[in-house]
*Asks:* 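The structure is given below, and queries will be raised subsequently.
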Amino acid sequence: MSGVVNARQCKNQDSSDSGDHLVKLLICILGLFACFMVRATSPVSVTILADDSYPPYSYVQEGKLVGIYPTLIREAAKLIKEDYLVELRPIPWKRGVSALENGEAFALMPPYIHRDTRPFIWPYSVALKQEEVVAFCNPGITLQNITQRSDLQAPINIGLNAGFLILDDALKEARKTGRVVVWENKNTRANIIKLYKKRVDCYINDRLSTLIGISELQEQLPGITAQSFVEDRVVLSRSAHIGYIKGYEGQYPFKSDFIEKMDEALSTVLQKSSPP
């Protein structure tokens, strides 16, 4: 029964001439108090945006968000369900990053830690997993010793997933000097197709995600295999996290408590899933 209905009943009983008026009034007041207490202690709904196209970590399949990270976070969410109801909402990565930057979202997963280039994200959760970012190139192309590449040579075209910040210092310098040109494409699938068709020379992304993407394209692109490309070099080794919007404690008064409880729950799930 709603608080409004209870209030009306209390008012009606207040005008009653019944001898037990005070008792009934007390019952109504206690009922109102209980109603508000239930509302106050109900689980808080929390939405975490999630990359919709990053297999096997986080992606949409048959209309549902699946992957290693959604599975992990859902398991952790079960441990804090008395306090928080966690919703994972799939979104294109670049749009998700913009949502945090513009103050339109509470959290996003799974970013790497970029405190300088993404100052609007802080803090980060405990690490979900360590990822290894590598460069896959067409035969005859290399990003090794890229800063020593002759200025007389044509720049190397590199494909990246839109919104991914995964260049190491050498590649950032090479980009500034024009030795490489970066092309942001929609997702892993689009980049692999462009790499296969030689529209880009190299593609940089997580190793496992790229290998799975190549395998899934074998029906569409007969003849494509992992051996179609050269794994040129490791670019970065970084941990993935849930990233939270910096500040906005007034808008999200539960922020500190949620982060603490989610970190504890994630640590529990990760410990159980780790091999002995």
Side-chain angles (χ1 to χ4, degrees), residues 49 51-55 57-59 91-102 108-121 130-214 216-217 221 224 226 228-241 243:
L49 303 182
D51 195 337
D52 68 355
S53 186
Y54 188 37
Y57 301 111
S58 178
Y59 61 107
I91 192 170
W93 181 251
K94 195 169 185 177
R95 195 182 304 169
V97 173
S98 295
L100 254 67
E101 185 174 15
N102 297 328
L108 173 70
M109 72 94 175
Y112 302 148
I113 296 177
H114 291 292
R115 296 192 65 176
D116 294 335
T117 50
R118 291 179 183 152
F120 49 88
I121 299 180
Q130 195 77 14
E131 297 179 19
E132 197 157 66
V133 176
V134 301
F136 287 88
C137 298
N138 281 309
I141 306 293
T142 181
L143 294 175
Q144 298 186 38
N145 301 316
I146 189 62
T147 55
Q148 278 75 53
R149 184 178 172 85
S150 172
D151 292 337
L152 300 177
Q153 293 178 283
I156 294 175
N157 293 293
I158 296 175
L160 294 181
N161 288 10
F164 278 37
L165 301 177
I166 50 177
L167 299 181
D168 62 10
D169 291 342
L171 288 169
K172 289 176 184 176
E173 179 62 28
R175 186 181 189 181
K176 289 180 181 178
T177 58
R179 290 179 171 87
V180 303
V181 176
V182 172
W183 302 90
E184 291 193 57
N185 299 300
K186 183 178 179 181
N187 52 32
T188 300
R189 182 183 182 89
N191 271 296
I192 293 172
I193 292 173
K194 290 194 174 186
L195 181 64
Y196 184 69
K197 294 183 176 181
K198 295 182 169 54
R199 294 175 184 170
V200 295
D201 301 306
C202 299
Y203 171 48
I204 297 176
N205 193 20
D206 169 76
R207 177 189 283 115
L208 181 57
S209 181
T210 304
L211 291 174
I212 289 175
I214 292 171
E216 290 178 344
L217 279 167
L221 301 173
I224 188 174
S228 301
F229 315 108
V230 176
E231 186 180 314
D232 186 56
R233 72 180 180 90
V234 174
V235 177
L236 297 171
S237 182
R238 295 287 173 86
S239 54
H241 304 258

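Worth knowing before you read on, the calculation uses all heavy atoms, side chains too, and leaves out hydrogens, waters and symmetry mates.
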*Asks:* Can you pull the side chain to side chain donor-acceptor pair (under 3.5 Å) pairs that have at least one residue in residues 134-147, sequence neighbours excluded?
*Replies:*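 Residue pairs with at least one partner in residues 134-147: T142-D232.
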*Asks:* Between side-chain atoms of residues 194-203 and protein atoms elsewhere (two or more places apart, or another chain), which donor-acceptor pairs fall under 3.5 Å?
*Replies:*
residue: K194; atom: NZ; partner: N185; partner atom: OD1; Å: 2.9
residue: Y196; atom: OH; partner: P222; partner atom: O; Å: 3.4
residue: D201; atom: OD2; partner: N157; partner atom: N; Å: 2.8
residue: Y203; atom: OH; partner: N161; partner atom: OD1; Å: 2.8
residue: Y203; atom: OH; partner: T188; partner atom: OG1; Å: 3.3
residue: Y203; atom: OH; partner: N205; partner atom: ND2; Å: 2.8

*Asks:* With sequence neighbours excluded, tell me which residues meet side-chain contact (heavy atoms from CB on, under 4.5 Å) with I113.
*Replies:*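 With sequence neighbours excluded, I113 shows a side-chain contact (heavy atoms from CB on, under 4.5 Å) to R115, Y124, H241, given in chain and number order.
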*Asks:* Does any part of the side chain of L108, heavy atoms only, come nearer than 4.5 Å to the side chain of V97, both counted from C-beta?
*Replies:*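 Heavy-atom side-chain distance check passes, below 4.5 Å.
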*Asks:* Which heavy-atom pair separates P119 from D116 by the least distance, and what is that distance?
*Replies:*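 Heavy atoms of P119 and D116 come nearest at CD-O, 3.6 Å.
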*Asks:* Please identify each residue that fulfils side chain to side chain donor-acceptor pair (under 3.5 Å) with S228, with sequence neighbours left out.
*Replies:* none
*Asks:* Using a 4.5 Å cut-off on heavy atoms from C-beta on, say whether the side chain of L171 contacts that of I146.
*Replies:* yes
*Asks:* Indicate the atoms forming the closest heavy-atom contact of L100 with G243, along with that distance.
*Replies:*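 Closest heavy-atom pair between L100 and G243: CD2-O, 3.7 Å.
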*Asks:* Just by distance, no angles: are the side chains of E131 and Y57 close enough, under 3.5 Å, to form a donor-acceptor pair?
*Replies:*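 No pair is found: no donor N or O on one side chain lies under 3.5 Å from an acceptor on the other.
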*Asks:* Set out, in order, the CA-CA distance, both residues' side-chain angles and the distance that settles side-chain contact (heavy atoms from CB on, under 4.5 Å) for F229 and I214, then state yes or no.
*Replies:* CA-CA 10 Å; F229 315 108; I214 292 171; 3.8 Å; yes
*Asks:* If you measure from NZ on K186 to CD1 on I193, what distance do you get to the nearest 0.5 Å?
*Replies:*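 It comes to 11.0 Å.
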*Asks:* Taking S209 for the side chain and D206 for the main chain, is one N or O donor matched with an acceptor at less than 3.5 Å?
*Replies:*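 No.
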*Asks:* Considering non-hydrogen atoms only, spot the tightest contact between L221 and I224 and give its length.
*Replies:* O-CG2, 2.9 Å
*Asks:* May I have all residue pairs that pass disulfide bond (SG atoms under 2.5 Å apart) and include part of residues 151-183, sequence neighbours excluded?
*Replies:* none
*Asks:* Can you list everything that forms a side-chain contact (heavy atoms from CB on, under 4.5 Å) with E101? Sequence neighbours excluded, please.
*Replies:*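 With neighbours one apart ignored, the set is F120.
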*Asks:* Does a side-chain N-to-carboxylate-O contact under 4.0 Å join E132 and R207?
*Replies:*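 R207 and E132: salt-bridged.
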*Asks:* Would you list the pairs meeting disulfide bond (SG atoms under 2.5 Å apart) in which at least one residue belongs to residues 147-182, sequence neighbours left out?
*Replies:* none
*Asks:* Just wondering, do V133 and I204 contact through their side chains at under 4.5 Å, heavy atoms?
*Replies:* yes
*Asks:* Kindly indicate, with the supporting measurements, whether the criterion side-chain contact (heavy atoms from CB on, under 4.5 Å) is fulfilled by L143 and V180.
*Replies:* CA-CA 9 Å; L143 294 175; V180 303; 4.2 Å; yes
*Asks:* I want to check something: taking the side chain as every heavy atom from C-beta on, are R118 and L165 in contact at a cut-off of under 4.5 Å?
*Replies:*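 Touching, per the 4.5 Å side-chain cut-off.
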*Asks:* By side chain to side chain donor-acceptor pair (under 3.5 Å), which residues pair with R149, not counting sequence neighbours?
*Replies:* none
*Asks:* Compare all side-chain heavy atoms of R179 with those of P155 and state whether any distance is below 4.5 angstrom.
*Replies:* no
*Asks:* Filter on salt bridge (charged side-chain N to carboxylate O under 4.0 Å, His left out), then keep only pairs touching residues 156-178, sequence neighbours left out; what's left?
*Replies:* D168-R233
*Asks:* What residues form a side chain to side chain donor-acceptor pair (under 3.5 Å) with N102, not counting sequence neighbours?
*Replies:* none
*Asks:* With rounding to the nearest 0.5 Å, note down the distance linking CD1 in I158 to CG in L167.
*Replies:* 6.5 Å
*Asks:* Going by the rule side chain to side chain donor-acceptor pair (under 3.5 Å), which residues pair with E216 if we only count those two or more places apart in sequence or in a different chain?
*Replies:* none
*Asks:* OH of Y59 to CZ of R189: how many Å apart, nearest 0.5 Å?
*Replies:* 13.5 Å
*Asks:* Between E184 (side chain only) and G163 (backbone N and O only), is there a donor and an acceptor less than 3.5 Å apart?
*Replies:* yes
*Asks:* Kindly write out the residues that satisfy salt bridge (charged side-chain N to carboxylate O under 4.0 Å, His left out) with R95, not counting sequence neighbours, or none if the list is empty.
*Replies:*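 Testing R95 for salt bridge (charged side-chain N to carboxylate O under 4.0 Å, His left out), a comparison that skips the adjacent residues, returns none.
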*Asks:* Can you find a pair of side-chain heavy atoms, one from W93 and one from Y54, that are under 4.5 Å apart?
*Replies:*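 No - every pair of side-chain heavy atoms lies 4.5 Å or more apart.
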*Asks:* Are any non-hydrogen side-chain atoms of L49 and I91 less than 4.5 angstrom apart?
*Replies:* yes
